> 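Structure incoming, see below.
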Amino acid sequence: MTIIIYIVLFVIAIVLQLTVAPLFAIEGIAPDLVLLVVVFVAMKRGKVWGIAAGFVAGLAYDFFGTAFLGVSSLANSVAAFLAGLLGGPQFEEKPAEMIGLLATSVFIHHLIYFTIIRIGSFYSFGQLLVRVILPQSFYTLVFVAIFYSILPKSSVSHGSGYSKR
Amino acid sequence: MRFAEWFITGRDFVALLIAVVLSLVLILTNEGRQTQMLRAWTFGGFGILLEQMSSFTRYRNLQEENRWLSQRSADLMLQNSELYEALVENQRLRELLAFKNESGQELVPAKVIGRNENSLIHSVFLAAGEEDGLQKDMAVVTSQGLVGKIYAVSKNQATAQLLLDRNFRVGVIVQRSRVNGVVKWLDSGNVILSEVAKRSDVRIGDRVVTSGLSTIFPGGLEVGYIARLDDADPGMFIEIALQPSVDFSKLEEVFVVKTRPGSVDF
């Protein structure tokens, strides 16, 4: 049942990413709603679930673009691994660390994704970082923050599927 | 035994490793036929959802589009009279020179039902596919000019790669001076006219159209206007910023050119 809910969540996220997210784009920078759900699953269910969800959702999303197939899968999987750490009990009472790790996972996602699809373009890495990766990370993080401020706290804390150690 | 223990305790890392390896394999085997089939299959699955969702988002631009269309219709009325004169003259000259009439382009209308855009990737999803006669690499246009080309096709949907995409190239000429060049991506939302030598006759405001030296794009499709010239670069070529004719932020309906030009691509 849980898997079906997550699949529905991802389908909604991909459809919204392709139809609604462009309406929020500023200078070509749009929030990454698929990553938002990947982070949610990773925090809720742990790293393994997050990686699996990130890989499959990334693959589905890659089918719609003109970028290399597998780029979003790679970026989402790594971001989910990092975000999965957030679901652990060690972060429950440490909001600063939690935000820091969340920002890192979003940044790492965009760093991997854009570095790969930049190959062969005029952009230097510095330009890519300043013009694309940092603004995109910030914008996505704003949406992630809004999303989590709306959700009740219990829905984000680690669930039964989370690997306890 | 130790490996088995590590496999159980380190299952997070194992999962990450598997995902990374699979992703890298996919990245390195992108142009395979199976990959193209998977793309087509996924379009089919999501196409209906995208089509329904796009009808909601389209209302946002309707009022602005209406104003723009009224203005455009007035402009076109004025242009129409000038073009009619040119058409009459053109027909007379063609008959005289026994030129083959090249105006018979077959166009397929297609609604834009979704977008995949970031700073480097620019593509749109169209509610038309193989059943409408669409094929990979067909040119996509609007009344404003060249939009892009078909990148992937499924039964009822297709993806079009836009002129703004970083992997897009098109051979063009400056209409006034017949100088040849290639339009390609510069950075987010901007394109340049490249491969133009420094002493070439190009001016700001010159209209740039497709050259026709391609199996994808028919000649004479408007691509844009020269917006800025910069010859400060020590190389052989001048850097020319191009303002695309099409307003990509307002793409809602496009046409796919079914007729392919017969010449050889370069």
Side-chain angles (χ1 to χ4, degrees), chain A residues 11-12 14-23 25 27-30 32 46-52 54-55 58-78 80-81 84-85 113-114 116-118 120-123 127-128 131-133 135-136 163 165, chain B residues 9 11-16 18-20 22-32 35 38-43 45-46 49-50 52-54 56-57 60-61 113-125 151-152 159 161-162 164-168 184-189 192 249:
Chain A
V11 169
I12 292 170
I14 290 173
V15 170
L16 290 178
Q17 183 69 43
L18 300 173
T19 52
V20 177
L23 302 177
E27 297 289 320
I29 306 289
D32 192 331
K47 294 190 276 291
V48 175
W49 272 77
I51 291 165
F55 180 82
L59 194 60
Y61 184 62
D62 276 338
F63 282 125
F64 289 96
T66 54
F68 302 113
L69 196 68
V71 181
S72 292
S73 305
L74 179 64
N76 279 349
S77 303
V78 177
F81 180 79
L85 295 170
Y113 181 81
F114 287 110
I116 294 175
I117 63 170
R118 158 193 161 265
S121 78
F122 292 107
Y123 265 2
Q127 286 175 312
L128 186 78
R131 291 191 194 176
V132 181
I133 296 172
Q136 182 94 37
S163 58
R165 277 199 290 274
Chain B
T9 53
R11 64 189 184 117
D12 301 340
F13 292 98
V14 174
L16 180 64
I18 292 169
V20 168
L22 280 176
S23 300
L24 291 175
V25 169
L26 282 168
I27 290 168
L28 295 172
T29 56
N30 248 266
E31 290 305 313
T35 309
L38 274 171
R39 275 190 199 273
W41 180 81
T42 316
F43 290 148
F46 276 82
L49 284 172
L50 286 176
Q52 293 303 317
M53 197 64 201
S54 72
F56 287 104
T57 55
R60 186 178 178 268
N61 294 326
I113 55 170
R115 290 165 168 270
N116 186 359
E117 289 187 292
N118 56 50
S119 301
L120 288 89
I121 302 295
H122 291 268
S123 56
V124 291
F125 309 105
Y151 181 80
T159 305
Q161 185 181 37
L162 303 184
L164 304 178
D165 191 278
R166 86 160 192 79
N167 293 315
F168 191 89
K184 60 185 180 184
W185 183 88
L186 173 65
D187 58 29
S188 181
I192 54 164
S249 66

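For clarity, every value in this text was computed on a predicted model and none was experimentally measured. Basis for what follows: all heavy atoms, side chains included, without hydrogens, waters or symmetry-related copies.
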> If I measure from the heavy atoms of chain A, does B:Leu24 come under 4.5 Å with its side chain, its backbone, both, or neither?
side chain
> Could you tell me which non-hydrogen atom of A:Ser77 sits nearest to which non-hydrogen atom of B:Ala19, and how far apart they are?
OG-CB, 3.4 Å
> Could you grab the distance from atom OG of B:Ser23 to atom CG of A:Leu59, nearest 0.5 Å is fine?
8.0 Å
> About how many Å separate CD1 of A:Ile14 and CG of B:Asn116, when rounded to the nearest 0.5 Å?
10.5 Å
> Look at the side chain of B:Arg115 and the backbone N and O of A:Gln17, then say whether any donor-acceptor pair between them is shorter than 3.5 Å.
no
> Which residues pass the side-chain hydrogen bond (donor to acceptor under 3.5 Å, both in side chains) test with A:Ser72, not counting sequence neighbours?
A:Asp62
> Out of B:Leu16, B:Ile18, B:Val20, B:Leu22, which residue meets the side chain to side chain contact (heavy atoms under 4.5 Å, CB included) rule with A:Phe55?
B:Leu22
> Report the residues that fulfil ring pair (Phe, Tyr, Trp, His ring centres under 6.0 Å) with A:Tyr113, sequence neighbours left out, ordered by chain and then residue number.
none
> Could you walk me through whether A:Leu74 and B:Ile27 satisfy the side-chain contact (heavy atoms from CB on, under 4.5 Å) test, starting with their C-alpha distance in whole Å, then the side-chain angles of each, then the deciding distance to 0.1 Å, before giving a yes or no?
CA-CA 9 Å; A:Leu74 179 64; B:Ile27 290 168; 4.3 Å; yes
